[in-house]
2 protein chains.
Amino acid sequence: MRYERGHKEVTRQHILDIASRRFRKHGLAEGISGIMKDAGLTHGGFYSHFQSKGDLVRESLLDAAGKKRARLAEAAQTGGFEALVREYLSRAHRDRLENSCAFAALISDFGRLPRSSRAVFTREVKTYIELIAAQLAGGDEAERRRRAMQIFGVLLGALQLARTIEDRDASDRMLEAGVEAALGLGMH
Amino acid sequence: MRYERGHKEVTRQHILDIASRRFRKHGLAEGISGIMKDAGLTHGGFYSHFQSKGDLVRESLLDAAGKKRARLAEAAQTGGFEALVREYLSRAHRDRLENSCAFAALISDFGRLPRSSRAVFTREVKTYIELIAAQLAGGDEAERRRRAMQIFGVLLGALQLARTIEDRDASDRMLEAGVEAALGLGMH
DNA sequence: TGTACATCAGTGAACGCGCGTTCACTGATGTAC
DNA sequence: TGTACATCAGTGAACGCGCGTTCACTGATGTAC
């Protein structure tokens, strides 16, 4: 081989990683050329890794959602439900768009994706809700899922509002109010 | 005058109205030509009404946010806090993107607007929170504002998640869970 | 009252630009003999 | 061991396209005299 075995797969993952950060930080209008340049390549090579920009969007956001979910699961394992909530509504999560939960960064755009891409995110929402539900005590499964839906709602909404509010103190208060609400909803 | 007095202002409002619907339904990438065509005009005339597309985006979304806020205020006046919550988390609001709260439709994009446009939406968030706070009883003002922030969070998050979930029943359950959470947070 | 001119909302061709995508090519290195 | 050839990840010019924006123009109608 002219390149080491596995080289192409490494490059592909690298492109995915760069793309998922750029899409979350700057939106889905980010171009292929900029992404490839950031990955240390030229735009022409893109199509030997992905079929289209649409494919890159779907794959990179799914990747992003998965990684964030893994981080939240880790937080929950270490510090329980409260740690998950505080991780999601942390200042770091508010400020570092490039590592944001894909929903918090781009949910407005999901409805405009082609059907095939959308289905993937519906499933991802369910997985998030199940992750949250697994941290809750009391009630039956349906009731825990219901509370998990409410909690995901307040986490997502509070984070987005905190990002929209420009005044730093008011934004921090939004995050804190969200934490309080989520913890309250988590109690049985 | 070659056109009746006030004609130009009527046209301008018409363009704003069409634009605000199209932006909410299809995103901010909607083009000037399509908007003007929808308004029964040609694209060249756009610049005698607005300085740039950025201006149209800012003005039309501000308009949209204001109108939705007026609707919510009306609902609250008729049926109190619960009516406001049920209006926001109604199936109609979920399904009719073109009449959506601008935040629920486009909040992801707000952070990418130029500074001058963003300030306007920070203020609009505050106004929404004050509208909600005004429907709450008990506590002091700061405490009611705090609960209003939590409620706006859950309204916004739950609506967006309900829009993302493709399964109709699951989506309806998301809305209902959001209503329950918002009403719970509204109680002192 | 009738005619010449001014006004200006709206028209549509044209612009430069960046986009997603294609494709003939490169060149480093593995394989065949 | 040395040489000819095959492989294929990556290159970069070129494409058609729709975008935001500009501008010389149109034509209906108000105003001046």
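Since the model is a prediction, treat every value here as computed from it, not as a measurement. Order of the sequence lines sets the chain letters (A, B, ...), proteins ahead of strands, with each chain counted from 1. Only heavy atoms go into these numbers, but all of them, side chains included; no hydrogens, no water, no symmetry mates.
Among the candidates B:Lys25, B:Arg21, B:Arg163, the single residue satisfying the side chain to side chain contact (heavy atoms under 4.5 Å, CB included) test with B:Ser100 is B:Arg163.
For the pair B:Phe50 and B:Arg12, the minimum side-chain heavy-atom distance is below 4.5 Å. Residues B:Thr122 and A:Asp167 are not in side-chain contact: their nearest non-hydrogen atoms beyond the backbone lie 4.5 Å or more apart.
Of all heavy-atom pairs between B:Tyr128 and B:Cys101, the closest is OH-SG, 3.6 Å.
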Check the interface with nucleotides 12-18 of chain D: list each N/O to N/O pair with the protein under 3.5 Å, or write none.
from, atom 1, to, atom 2, distance (Å)
D:dA13, N6, A:His43, NE2, 2.9

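One atom, CG of B:Leu41, and another, P of C:dG10, lie 6 Å apart when rounded to the nearest Å. A:Tyr47 has its OH atom 7 Å from the P atom of C:dT22, to the nearest Å.
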In residues 151-162 of chain B, what donor-acceptor pairs under 3.5 Å come from side-chain atoms, sequence neighbours left out?
from, atom 1, to, atom 2, distance (Å)
B:Gln160, NE2, B:Leu156, O, 3.4

Let me check something: any side-chain donor-acceptor pairs from residues 40-49 of chain A under 3.5 Å, sequence neighbours excluded? List them with distances.
from, atom 1, to, atom 2, distance (Å)
A:Ser48, OG, A:Gly45, O, 2.9

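Evaluation of the ring-ring contact (aromatic ring centres under 6.0 Å, His included) rule for B:Phe23 yields no partner, not counting sequence neighbours. Under the salt bridge (charged side-chain N to carboxylate O under 4.0 Å, His left out) criterion, B:Glu74 pairs with no residue, sequence neighbours left out. Take A:Glu180 and apply the side-chain contact (heavy atoms from CB on, under 4.5 Å) test, not counting sequence neighbours, and it matches B:Arg146, B:Gln150. Contacts of A:Lys67 classified as salt bridge (charged side-chain N to carboxylate O under 4.0 Å, His left out), with partners at least two apart in sequence or in another chain: A:Asp17, A:Asp63. Considering only residues two or more places apart in sequence or on other chains, A:Asp95 meets the salt bridge (charged side-chain N to carboxylate O under 4.0 Å, His left out) condition with A:Arg168. A:His7 pairs by the ring-ring contact (aromatic ring centres under 6.0 Å, His included) definition with A:Tyr3, not counting sequence neighbours.
For A:Arg145 and A:Glu141, the salt-bridge test fails: no basic side-chain N is under 4.0 Å from an acidic carboxylate O.
When each of A:Met36 and B:Gly34 is assigned the nucleotide of DNA chain D bearing its nearest heavy atom, the one mapping closer to the 5' terminus is A:Met36.
Annotation: proximity of residues 49-57 of chain B to DNA chain C (heavy atom, distance under 4.0 Å) is found for B:His49, numbered in ascending order. Of the residues in residues 7-33 of chain A, A:Glu30, A:Gly31, A:Ile32 come within less than 4.0 Å of DNA chain C through at least one heavy atom, sorted by number.
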Based on Watson-Crick and G-U pairs with both distances under 3.5 Å, what dot-bracket line describes DNA chain C 5' to 3', crossing pairs as [ ] and inter-strand pairs as |? .||||||||||||||||||||||||||||||||
